[in-house]
A.B. asks: 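Input: one structure, supplied below.
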Amino acid sequence: MSHAEILTNTELAHRFRRLADLLEIRGDPVFKVIAYRRAADSLAQQPESARALKERGELGAIPGVGKAIAQKIEDLFDTGTFKLWEEVVREIPPGVADLLQIPDVGPKRARQLYAELGVKGLDSLREAVEQGRLSEVSGLGSRGAQRIVEGLRSLQPPSALIPLGTAHPLALSLLAELEVQAGGLAHSSPAGGVRRRCEAVSDVAFVVAHSRPDSILSLLSTLPTVAEVEPTGERAAAARLHTGARVTLTVCEPRSFGAVLHHWTGSREYITRLAAFASERGYELTEFGLTSGGELETFEDERALYERLGMQYVPPTMREDADMVDAAAAGEVPVEIEVSMLHGDLHSHSTWSDGQHTIREMAEAARARGYEYLCVTDHSQSLGVANGLSPERLAAQRVEIEAVNQELAPFRLLQGVELEVRGDGSLDLPDETLAALDIVVASVHTGLRQERDRLTSRALSAIRSPYVDVLAHPTGRIVGGRAGGDFDMDALIAEAARTGTILEINSDPARLDLRDTHAHQALVAGCTLSIDSDAHTTDGLGNVWYGADVASRARATVGAIHNALTLTEMLAGLKRHRLRN
DNA sequence: GCCGTTTTCGGCCCGACTGTTTTCAGTCG
């Protein structure tokens, strides 16, 4: 069947997510909707193809996939559709689900827009807005209508940019597939914005080296995830994946790999400035190396290129701006922030709130990473969806933490909390509870769309509390998703510097918050930063490399990173201890 | 719809914030 050949796990996940949205709009029981969403997430994460599992009769082994969903997957492979899908899209056009992308439009509003205005999708809604028909919707006032208009305007075209958290693993998996197909590669690396750790990229670039470069390009179209390939040069091609992502591949001989990788890593501004610098020294910098007196010198290793130019090596995370060329010439390139510099993590979750692993499992994973300490900072009480902790539950958690500490010493588990800053700026737990904890990480999760003054004053009241040590993900933005709150960042940074409140670089690839530019601004203002995982699983602890690279892009020094301190220094440096002593 | 050392039923994702229908429904995290 032709359907079977093109159905990837990602596509199956898309289909079930859309089904869940449509069912929710139709008003089906919420737990049924949740079940489809969970199955979709699970399919997207499944390393083995659903097709292979189907052939072995093991679809049911996927978590969240039971008899009913397994049957629907089989039907999709066999016929390209299934009965419930056909039934639902007859009632609600699939495009109606796109309305859910608009802030403030949920399932009820989407259904209303369809039922009362005949809106069948985003374009259809734009038409209705132009015709001024939004006022016809029952129960939608002028402010509500205005929000929908603004929300509609703020929508990005789909997949315009790929977040780093998607692009990086994608680049690695494509390289792995290519390596298998090629029977080994001399060298390979992601390039472009992915390698510079830009938070989002327009395409996923990579460079591979092989003794027979021309044989590699033709392999690209054989990869199962690749939809179409277009040659863009003798040794370069652009491809589009089934997911819609754009990929660019450059191949070269092993002896040129360093120079070619360097060229395609960019940034353009940086390369242009470096070429000018090389030219002043009698070299022409090209994609393939350095030319001097008509003679091309190739470089297998990037560092050798820098050595030939008589300058310090510049890591990819610092190749955004041209000024680093001058710094490298003067031998003043900052030391890159690396995960190995971190002694612990100040922000993580366990099964006490919405984490997936127990305190003990998290502690053991942190110890295995070589950490000296881990702060368990489960959510506070008012975040109901995350099963937030009351003072009583925190006291009970303390007992468990101490027990784990007995066993794992000298490794140290610290008890903290991720404290809700409420809508009115008050804190979600009483002072005496906060005072008894080792560390407090405060977060603004709710009301992120309040107007600037109100939102800013909430964050400021958290920063000014003597019990708040860290402000977590300070803007609340989601990369490629919501923009984050309209905080006055100048005011937050100034107050954090004044009070000694640590500002977090949240390493969750969906957040990367503070972003590089804000982190740089905070460093200049004299703030201390932390690089935290916000892990909800043991694997999540490993995300700190994203945060470390944000710090490098912000040109942080290790002295400004609070969790690069040893346990004793880290604790002594917390606001609560400095104020007490 | 899925899941089960509380297995074939009854749980599972709760509470804050907001606008508006002024007593609560819808959205969001």
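Protein chains get the first letters and strands the later ones, always in sequence-line order, with residue 1 at the start of each. Remember, it's a predicted structure, so these values are computed and weren't measured experimentally.
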A.B. asks: Under 6.0 Å from the CZ atom of Arg452(A), do we count more than 12 heavy atoms belonging to anything else shown?
C.D. replies: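 Correct, the count exceeds 12.
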A.B. asks: Among dA16(B), dC2(B), dG26(B), which nucleotide sits nearest the side chain of Arg38(A)?
C.D. replies: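 Among the listed nucleotides, the one closest to the side chain of Arg38(A) is dC2(B).
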A.B. asks: Figure out the CZ/C1' separation between Arg109(A) and dA25(B), and round it to whole Å.
C.D. replies: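 Checked: the CZ to C1' distance equals 9 Å.
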A.B. asks: Please determine if a side-chain N or O atom of Arg143(A) lies less than 4.0 Å away from the OP1 or OP2 oxygen of dG19(B).
C.D. replies: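 Yes, within the criterion.
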A.B. asks: Please report the distance separating the P of dT8(B) from the corresponding atom of dA16(B), rounded so that it comes out in whole Å.
C.D. replies: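 Between the two P atoms, the distance is 35 Å.
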A.B. asks: Using a heavy-atom cut-off of under 4.0 Å over every strand shown, decide if Val30(A) touches base, sugar-phosphate, or nothing.
C.D. replies: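 Nothing, no heavy atom under 4.0 Å.
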A.B. asks: To the nearest Å, how far apart are Leu455(A) CG and dG29(B) C1'?
C.D. replies: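 Interatomic distance, CG of Leu455(A) to C1' of dG29(B): 14 Å.
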A.B. asks: Both Ala70(A) and Pro107(A) contact DNA chain B. Taking the nearest nucleotide for each, which residue is further toward the 5' end?
C.D. replies: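 Residue closer to the 5' terminus by nearest nucleotide: Ala70(A).
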A.B. asks: Return the value, rounded to whole Å, for the distance between atom CD1 of Ile102(A) and atom P of dG26(B).
C.D. replies: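 Nearest whole value for this atom pair: 17 Å.
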A.B. asks: Would a 4.5 Å heavy-atom cut-off, applied to side chains only, mark Asp486(A) and Glu451(A) as touching?
C.D. replies: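 Answer no - side chains too far apart.
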A.B. asks: Select one nucleotide: of dG1(B), dT27(B), dC17(B), the one nearest the side-chain heavy atoms of Phe31(A).
C.D. replies: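 So the side chain of Phe31(A) is nearest to dG1(B).
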A.B. asks: Checking Glu48(A) against Asn9(A): is there a side-chain donor and acceptor pair closer than 3.5 Å?
C.D. replies: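 Result is no, nothing qualifies.
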A.B. asks: What distance, rounded to whole Å, do you find between the two P atoms, one in dC13(B) and one in dG4(B)?
C.D. replies: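 That atom pair is separated by 14 Å.
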A.B. asks: Determine the contact category for Arg454(A): base if any of its heavy atoms lies under 4.0 Å from a base atom, sugar-phosphate if only primed atoms, P, OP1 or OP2 are that close, otherwise nothing.
C.D. replies: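 Counting heavy atoms under 4.0 Å across all strands, the contact made by Arg454(A) is with sugar-phosphate only.
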A.B. asks: Any side-chain N or O of Arg477(A) under 4.0 Å from OP1/OP2 of dG29(B)?
C.D. replies: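 Looking at the OP1 and OP2 atoms of dG29(B), neither is under 4.0 Å from any side-chain N or O of Arg477(A).
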A.B. asks: Within the 4.0 Å heavy-atom criterion, would you say Gly384(A) contacts the bases, only the backbone, or no part of the nucleic acid?
C.D. replies: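 Base contact - Gly384(A) has a heavy atom under 4.0 Å of at least one base atom.
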A.B. asks: Any strand is fair game: report the nucleotide pairing with dT8(B) by Watson-Crick or G-U wobble, both distances under 3.5 Å, or none.
C.D. replies: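 WC or wobble partner does not exist here.
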A.B. asks: Whole angstrom is fine here: how far is it from CD in Glu420(A) over to P in dC28(B)?
C.D. replies: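 For the pair Glu420(A) CD and dC28(B) P, the rounded distance is 17 Å.
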A.B. asks: Parallel, tilted or perpendicular for His445(A) and His473(A), by the 30°/60° rule?
C.D. replies: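 It falls in the tilted class, 30° to 60°.
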A.B. asks: When the C1' atoms of dC17(B) and dT23(B) are compared, how many Å lie between them, rounded to an integer?
C.D. replies: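 Rounded to whole Å, the distance is 16 Å.
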A.B. asks: Figure out the CD/C1' separation between Glu24(A) and dC28(B), and round it to whole Å.
C.D. replies: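 In whole Å, dC28(B) C1' lies 12 Å from Glu24(A) CD.
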A.B. asks: Would you measure the distance from the P atom in dT27(B) across to the matching atom in dT20(B) and give it in whole Å?
C.D. replies: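 Roughly 13 Å separates the two P atoms.
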A.B. asks: Give one of base, sugar-phosphate or nothing for Gln450(A), where a contact means two heavy atoms less than 4.0 Å apart.
C.D. replies: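 If one applies the 4.0 Å heavy-atom cut-off, Gln450(A) turns out to touch the sugar-phosphate alone, with no base involved.
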A.B. asks: Choose from dG1(B), dG29(B), dG26(B) the nucleotide whose nearest atom is closest to any side-chain atom of His445(A).
C.D. replies: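 Of all the options, the side chain of His445(A) is nearest to dG29(B).
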A.B. asks: With a 4.0 Å cut-off on heavy atoms, is Ser353(A) in touch with a base, just the backbone sugar-phosphate, or nothing at all?
C.D. replies: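 If one applies the 4.0 Å heavy-atom cut-off, Ser353(A) turns out to touch nothing in the nucleic acid.
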A.B. asks: What's Ile34(A) touching, base or sugar-phosphate or nothing? Going by heavy atoms closer than 4.0 Å.
C.D. replies: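 Base: the residue Ile34(A), judged by heavy atoms under 4.0 Å, touches a nucleobase.
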A.B. asks: Considering only atom C1', compute the distance from dC14(B) to dT6(B) and round it to an integer number of Å.
C.D. replies: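 It comes out at 23 Å once rounded to the nearest Å.
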A.B. asks: Can you find a pair of side-chain heavy atoms, one from Leu342(A) and one from Arg369(A), that are under 4.5 Å apart?
C.D. replies: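 They are not in side-chain contact.
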A.B. asks: Could you please name the option among dT27(B), dG1(B), dC14(B) that lies closest to any side-chain atom of Ile69(A)?
C.D. replies: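 Looking only at side-chain atoms, Ile69(A) lies closest to dG1(B).
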A.B. asks: How far, in whole Å, is dT7(B) from dG11(B) if one measures between their P atoms?
C.D. replies: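 Going atom to atom, P in each nucleotide, I get 13 Å.
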A.B. asks: How about Lys54(A): does its NZ atom have over 12 heavy atoms from other parts shown lying under 6.0 Å from it?
C.D. replies: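 Check passes, neighbour count above 12.
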A.B. asks: Looking only at atom P, what distance separates dT22(B) and dG26(B), rounded to whole Å?
C.D. replies: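 Nearest-Å result for dT22(B) against dG26(B) at atom P: 14 Å.
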A.B. asks: Are any of Arg147(A)'s side-chain N or O atoms less than 4.0 Å away from OP1 or OP2 of dG19(B)?
C.D. replies: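 Answer yes for this pair, as a side-chain N or O of Arg147(A) is under 4.0 Å from OP1 or OP2.
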A.B. asks: Given atom CZ of Arg449(A) and atom C1' of dT27(B), what is their separation to the nearest angstrom?
C.D. replies: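 Value for this atom pair: 9 Å.
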A.B. asks: With a 4.0 Å cut-off on heavy atoms, is Arg422(A) in touch with a base, just the backbone sugar-phosphate, or nothing at all?
C.D. replies: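 The residue Arg422(A) makes sugar-phosphate contact but no base contact.
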A.B. asks: Tell me which of Lys72(A) and Pro103(A) sits closer to the 5' end of DNA chain B, going by the nucleotide each one is nearest to.
C.D. replies: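 The 5'-side residue here is Lys72(A).
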A.B. asks: Name the orientation class of the two ring planes belonging to His168(A) and Trp545(A) (parallel below 30°, tilted from 30 to 60°, perpendicular beyond 60°).
C.D. replies: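 Geometry flag for Trp545(A) against His168(A): tilted rings.
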A.B. asks: So, OP1 or OP2 of dG1(B): does either fall under 4.0 Å of a side-chain N or O from Arg37(A)?
C.D. replies: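 Result: no.
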